[in-house]
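Notes for the one structure printed next.
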Amino acid sequence: MADFLNESGEILKHGHKLPHWQQGEVMQFVTFRLGDAMPAVKLRQWKEERDVWLAHHPRPWSTEVEKEYHRRFTRQQEEWLDEGAGSCLLAESAHRKIVRGVLMYYQGVKVEHHAWVIMPNHLHLLFTPKVPLEILLKAWKGTSARRIGSGSIWQKDYRDTLIRDSGHFANAVRYIRRNPAKLKPGTFSLWQGEKALAVK
């Protein structure tokens, strides 16, 4: 069992426009958000620009091309999310407690979490999947939405990245730790496992 991406190994893909990738139990960094967390006009323009870029940069990507993608597109979305748009249901501790319980329900069985943060309108998770990624995301989103009881709260899709090496893992841990830096205490939940806590 490998923790990190083997670029010459088989990768399972699912999804359409930007397929989700999984390679056995290789670590994943996943972000998903509430359905109302992105300004619609900005998101439409972002998608148009990304579609043009993707047409000229088919996957698999080199490390340099992946960095360019994240610089141009991921960073922009993260900035919008961190602006706190939408209902921000997860700013409420009761809702975060529900999400935390759902995330940790299969800890050590179907998933091995390394670090995660629940922000007011989105989540970042770093974990090792033990089952297909889409099964985990469907369970986390579906169960948490039903228990929160506010209808269909999550965006349809999610963003995932296979972890390439120990440096990539450490950067993902640090990103998760830093993400709530500007928030008021009591509006986010941060959790770190043993491997994440070892990262300085």
Side chains of Thr31 and Arg159 in contact at under 4.5 Å (non-hydrogen atoms): yes

Nearest atoms (heavy-atom pairs only) where Asn171 meets Arg174: OD1-NH1, 3.1 Å

Qualifying residues under side-chain contact (heavy atoms from CB on, under 4.5 Å), relative to Glu68, sequence neighbours excluded: Trp53, His57, Arg71, Arg72

Nearest heavy-atom neighbours spanning Trp116 and Leu125: CB-CA, 4.0 Å

Any residue meeting side-chain contact (heavy atoms from CB on, under 4.5 Å) with His70, in chain and number order, not counting sequence neighbours: Glu66, Thr74, Thr161

Over all atoms of both residues, closest heavy-atom pair of Ile153 and Ser150: CG2-O, 3.7 Å

Do any side-chain atoms of residues 138-148 form donor-acceptor pairs under 3.5 angstrom with protein atoms, and if so which ones, sequence neighbours left out?
from   : atom 1 : to     : atom 2 : distance (Å)
Lys141 : NZ     : Gln155 : O      : 2.9
Lys141 : NZ     : Lys156 : O      : 3.3
Lys141 : NZ     : Asp157 : O      : 2.9
Thr143 : OG1    : Ala139 : O      : 2.9
Thr143 : OG1    : Arg146 : NH2    : 3.4
Ser144 : OG     : Trp140 : O      : 2.6
Ser144 : OG     : Lys141 : O      : 3.1
Ser144 : OG     : Trp154 : NE1    : 3.0
Arg146 : NH1    : Gly142 : O      : 3.4

OH on Tyr69 to CG on Leu54, rounded to 0.5 Å: 6.0 Å

Candidates Leu123, Leu137, Leu126 - the one meeting side chain to side chain contact (heavy atoms under 4.5 Å, CB included) with Val30: Leu137

Short side-chain to backbone donor-acceptor contact, Gln28 and Asp160, under 3.5 Å: no

Side chain to side chain contact (heavy atoms under 4.5 Å, CB included) assessment of His114 paired with Thr128: CA-CA 8 Å; His114 304 298; Thr128 299; 2.7 Å; yes

Test log, rule side chain to side chain contact (heavy atoms under 4.5 Å, CB included), inputs Glu49 and Phe73: CA-CA 9 Å; Glu49 291 174 4; Phe73 300 104; 4.1 Å; yes

Side-chain touch Leu133/Tyr158, heavy atoms, less than 4.5 angstrom: yes

Side-chain donor/acceptor pairs under 3.5 Å, residues 192-200, sequence neighbours excluded:
from   : atom 1 : to     : atom 2 : distance (Å)
Gln192 : OE1    : Arg177 : NE     : 2.6
Gln192 : OE1    : Arg177 : NH2    : 3.2

By side-chain contact (heavy atoms from CB on, under 4.5 Å) - contacts of Lys110 (at least two apart): Tyr106, Val131, Leu136

Nearest non-hydrogen partners of Phe169 and Met27, listed with the distance: CD1-SD, 3.3 Å

Under the salt bridge (charged side-chain N to carboxylate O under 4.0 Å, His left out) test, residues paired with Glu112 that sit two or more places apart: none

Sequence-distant partners of Tyr175, ring pair (Phe, Tyr, Trp, His ring centres under 6.0 Å), two or more places apart: His124

Exercise: identify the closest heavy-atom pair between Pro180 and Ile176: CD-O, 3.4 Å

Check: Val52 main-chain N/O paired with His56 side-chain donor or acceptor under 3.5 Å: yes

Close side-chain approach of Asp3 to Ile163, heavy-atom, < 4.5 Å: no

Those residues that, when tested against Ser189, pass side-chain hydrogen bond (donor to acceptor under 3.5 Å, both in side chains) (two or more places apart): Arg96

Heavy-atom closest contact (Leu34 atom, Pro120 atom, distance): CD1-O, 3.7 Å

Non-neighbouring partners of Glu92 that pass salt bridge (charged side-chain N to carboxylate O under 4.0 Å, His left out), sequence neighbours left out: none

Distance, nearest 0.5 Å, that separates CD1 of Ile98 from CZ of Arg100: 13.5 Å

